[in-house]
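Each remark here refers to the structure printed beneath this line.
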Amino acid sequence: ELKVEQNPLFLSMQEGKNYTIYCNYSTTSDRLYWYRQDPGKSLESLFVLLSNGAVKQEGRLMASLDTKARLSTLHITAAVHDLSATYFCAVEAGNMLTFGGGTRLMVKP
Amino acid sequence: DAGITQSPRHKVTETGTPVTLRCHQTENHRYMYWYRQDPGHGLRLIHYSYGVKDTDKGEVSDGYSVSRSKTEDFLLTLESATSSQTSVYFCAISQTPNYGYTFGSGTRLTVV
């Protein structure tokens, strides 16, 4: 059974600081996704990582994938308040996604 | 989200009553999924469909059934709602599992 663990579950940070969210998974996967969710809203796709060593960047967010370590990271550079949200990683295996528990990010001015 | 609609958006129901949630898509995607979201658990797969009348169970399928009689509609039924089924339910669609997923806006269900 595929297990996906995210940490930390909650992250409070100051604007301008850097931080990393970690996503570990237990078995071989097809691809890994990162999503953002604002309160009361649906999930917004941020990144899809397809292969070992994949790195994708969009603005202040950068995601990477190490399939050998079964680890993905979401790095936040110089955080701004607008990045406050809950972030999920999700691992695809077979026909379905298995989600991590989410990281609630709060960026304080 | 464009192309995928969930109804109702909110529902309060009593324990023991049947409840049906609807997911409607206009994208003609083959795969449809039902997830539930609870604090600390992320989203967990309830059931999914890979074609008309083709469905399979997910991680947390007990107490739920689904039906897909046409490509565009995927129904989730709680035969006898319980308080543990209070949750936010998301539908997702995918053309194939390799082409990414689009999520609906969610249905907030409260069982009292």
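Within every chain, numbering begins at 1; the chains are lettered A, B, ... in the order of the sequence lines, protein sequences first and strands thereafter.
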For this session: Would you give the length of the straight line joining atom OG1 of A:T98 to atom CZ of B:R44, rounded to the nearest 0.5 angstrom?
Result: 12.0 Å
Problem set entry | Common cluster, A:Y35/A:Y87, ILVMFWY with side-chain heavy-atom separation under 4.5 Å | no
Exercise. So if you build clusters from Ile, Leu, Val, Met, Phe, Trp, Tyr with side-chain heavy-atom gaps below 4.5 Å, do A:L32 and B:F103 land together?
Worked result: no
Problem set entry | Transitive ILVMFWY side-chain link A:L46 to B:L43, under 4.5 Å | no
Problem set entry | Path from A:W34 to A:M13 over hydrophobic side-chain contacts below 4.5 Å | yes
Exercise. Which atoms form the tightest heavy-atom contact between A:K41 and B:F90, and what is the distance?
Worked result: O-CZ, 3.8 Å
For this session: Determine whether A:Y19 and A:V80 fall in the same hydrophobic cluster, where Ile, Leu, Val, Met, Phe, Trp and Tyr are linked whenever their side-chain heavy atoms lie under 4.5 Å apart.
Result: yes
Exercise. Got a donor-acceptor contact below 3.5 angstrom from the B:Y35 side chain to the A:L97 backbone?
Worked result: yes
Problem set entry | Residue part contacting chain A, namely of B:L45, when any heavy atom lies under 4.5 Å | side chain
Exercise. Could you walk me through whether B:Y101 and A:E92 pass the side-chain contact (heavy atoms from CB on, under 4.5 Å) check?
Worked result: CA-CA 10 Å; B:Y101 300 76; A:E92 182 179 71; 2.5 Å; yes
Problem set entry | Pairs meeting criterion salt bridge (Lys or Arg N to Asp or Glu O under 4.0 Å) with involvement of residues 68-92 of chain B, two or more places apart | B:R22-B:D73, B:K70-B:D73
Exercise. Using a cut-off of under 4.5 Å for heavy-atom pairs, which of A:R104, A:E1, A:Q37 has the most such pairs with chain B?
Worked result: A:Q37
Exercise. With a 4.5 Å heavy-atom cut-off, do A:M96 and B:Y31 have their side chains touching?
Worked result: no
Exercise. Does B:G104 offer a backbone N or O that forms a donor-acceptor pair with the side chain of A:S42 under 3.5 Å?
Worked result: yes
